[in-house]
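Here is the structure we will look at, set down as structure tokens.
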Amino acid sequence: MTDNPNDCGVGIRGVAMGIDSVVWFGLLFAAIYPIAALTGDIETTATGTDADLTGTPATAAFLLWLGLGVGYHTLFEWRSGKTLGKYLVGIRAVEDDGSPLTLRSAAVRNVSRLVDVLPLFYVVGIVAALLSDRYKRVGDRLADTVVVRT
């Protein structure tokens with residue numbers, strides 16, 4: 001489907017995202033527990049620590065988590081073209097012409113990730129990539145970027 005043999009398909013990108021999901025899971029705790037501590041919705045017992053957020057604190061923690069996740073992808077891709085997942089599988093995000101990502105293109109492709117994940121498990125992003133000549137998900141199309149092998 002692709003003219004460039006260095007372009008990455010959905011399989012290897014999925015593996016990278018699976019690895020990055022572990023980072024996102026850690027970021028979830030980094031978002032929940034500080035909010036819970038600030039609002040007093042945290043309980044520490046002999047068996048562990050529990051945060052029970054509802055309403056506005058839960059919404060704040062969710063938005064913080066999304067911000068941290070998008071920020072993680074944006075900053076790492078802007079600075080190196082790679083998140084931890086991309087690094088471990090040997091791929092990177094670049095501009096269409098092969099140059100390093102700008103902060104703008106990294107931000108656009110990663111804010112757009114919120115559309116790519118819809119409705120569940122990156123269905124929109126996978127379909128968009130499979131219908132693209134360079135395996136571009138929605139974020140890649142909007143930011144004029146592509147993911148390539150390193």
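Nothing here was measured: the structure is a model prediction, and the numbers come from that model.
In this view, Tyr72 and Asp20 satisfy the side-chain hydrogen bond (donor to acceptor under 3.5 Å, both in side chains) rule, not counting sequence neighbours.
Remark: the backbone N or O of Arg137 is paired with a side-chain donor or acceptor of Asp140 at under 3.5 angstrom. Without hydrogens or angle criteria, Tyr33 side chain to Thr49 main chain gives a donor-acceptor distance under 3.5 Å.
Put simply, the side chain of Arg13 does not reach to within 4.5 Å of the side chain of Val10, judged on heavy atoms. No side-chain heavy atom of Glu77 sits under 4.5 Å from any side-chain heavy atom of Val94. Counting only heavy atoms from C-beta outward, the side chains of Arg113 and Tyr122 approach each other to under 4.5 Å. In this structure, the side chains of Thr150 and Lys82 come closer than 4.5 Å at one or more pairs of heavy atoms.
Here Lys136 pairs with Asp96 in a salt bridge; the nearest charged N to carboxylate O distance falls below 4.0 Å.
One finds the CD1 atom of Ile91 at 7.5 Å from the OG1 atom of Thr83 (value rounded to the nearest 0.5 Å).
Note: Trp24 and Trp65 have perpendicular aromatic rings, judged against thresholds of 30 and 60 degrees for the angle between ring planes.
Side-chain atoms of Thr145 and Arg109 form a donor-acceptor pair, as typed in the model, at a separation below 3.5 Å. Side-chain contact check for Glu95 and Ser105: at least one donor-acceptor pair (N or O, by modelled atom type) lies under 3.5 Å.
The environment of CZ in Arg149 is crowded: more than 12 heavy-atom neighbours from other residues, nucleotides or ligands sit within 6.0 Å. A 6.0 Å sphere centred on CZ of Phe76 holds no more than 12 heavy atoms belonging to other residues, nucleotides or ligands. For Tyr87, the OH atom is loosely surrounded, since the number of other residues' heavy atoms within 6.0 Å does not exceed 12.
Transitive grouping of hydrophobic side chains (ILVMFWY, heavy atoms separated by less than 4.5 Å) keeps Val146 and Val111 in distinct clusters.
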